Amino acid sequence: MSLLTPAQDDMRVGAVAPDFTLLDTKAAPWRLAERLGHGPVVLFFYPTAMAIGCTAETCHFRDLGAEFTALGAQRVGVSSSDLASQQEFTSINAFDFPLLSDLDGSVATLYGARRSFTPRPTKRATYVIGTDGLVAGIVTSELRMRAHADESLAILRRLA
């Protein structure tokens, strides 16, 4: 069963990925449009820093870093956790890619990765974005943490 879906709420494969700027774990602005000039972006949303499932998912992205690099892809994680929590999460797990803080959920909303009325407002969803700014693939699964990185790599290989 493929985890690729034609739509994640309003976001669809082939749609233009909304541009945004958020602070990364170094408190520097991270802007999608600027990063696309350096290769495809794998943008993954997760509910919260340091939760068990989120740690498993994010660590799997870390552990497959060489494979993403070989395909010229950049990984970036987004959650509604504050910057201090994202920094601690990065430090504890030695992440070699940025995590972004989307405190108000505005970017998650743009991508259709926002829940309403729950303690964890961000859905688990991954968007593979080509250098042309188009969404090349979407991965969704709330329970299969490793699937996000694995399926993203499969999408990137098809693009190559």
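All residue numbers in this chain count up from 1 along the given sequence. All values reported here derive from a predicted model rather than from experimental measurement.
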Using modelled atom types only, decide if a donor and an acceptor are shared between the side chain of [X] and the backbone of [Y] within a distance under 3.5 Å.
X    : Y    : value
D104 : S106 : yes
D102 : V78  : no
D150 : A154 : no
Q87  : T25  : yes

Quick one: pull up [atom1] in [X] and [atom2] in [Y] and give me the separation to the nearest 0.5 Å.
X    : Y    : atom1 : atom2 : answer
T140 : F45  : OG1   : CZ    : 13.5 Å
D132 : L36  : CG    : CG    : 8.5 Å
M50  : E88  : CE    : CD    : 3.5 Å
R35  : L43  : CZ    : CG    : 12.5 Å
L64  : L153 : CG    : CG    : 5.5 Å

For the residue pair [X] and [Y], establish whether any side-chain heavy-atom pair is separated by less than 4.5 Å.
X    : Y    : result
L100 : V76  : yes
F61  : T126 : yes
L134 : I129 : no
F20  : L32  : yes
H148 : H60  : no
Q74  : P40  : no

| said: Checking side-chain polar atoms at under 3.5 Å, does S81 have a donor or acceptor matched by the opposite partner on T48? | reply: yes
| message | Quick one about Q86 and S79 (side-chain donor to acceptor, distance below 3.5 Å, no hydrogens or angles considered), yes or no? | response | yes
Ignoring hydrogens, what is the shortest heavy-atom contact between [X] and [Y]? Give both atom names and the distance.
X    : Y    : answer
P29  : T21  : CB-CG2, 3.8 Å
S85  : A49  : O-CB, 4.0 Å
W30  : P98  : NE1-CG, 3.7 Å
S101 : L83  : OG-N, 3.6 Å
L71  : A160 : CD2-CB, 4.4 Å
I155 : G137 : CD1-CA, 3.7 Å

| field | Working for ring pair (Phe, Tyr, Trp, His ring centres under 6.0 Å), residues F97 and F68 | value | CA-CA 11 Å; F97 53 87; F68 283 101; 8.6 Å; no
| field | Sidechain N-carboxylate O distance under 4.0 Å for E67, R157 | value | yes
| task | Please determine if D96 and R62 form a salt bridge, counting it only when a charged side-chain N lies under 4.0 Å from a carboxylate O. | result | no
| message | Check the orientation of Y46 and F89. Use parallel for under 30°, tilted for 30 to 60°, and perpendicular for over 60°. | response | tilted
| request: Flag the pair Y127 / F44 as yes when their ring centroid distance falls below 6.0 Å, and as no otherwise. | output: no
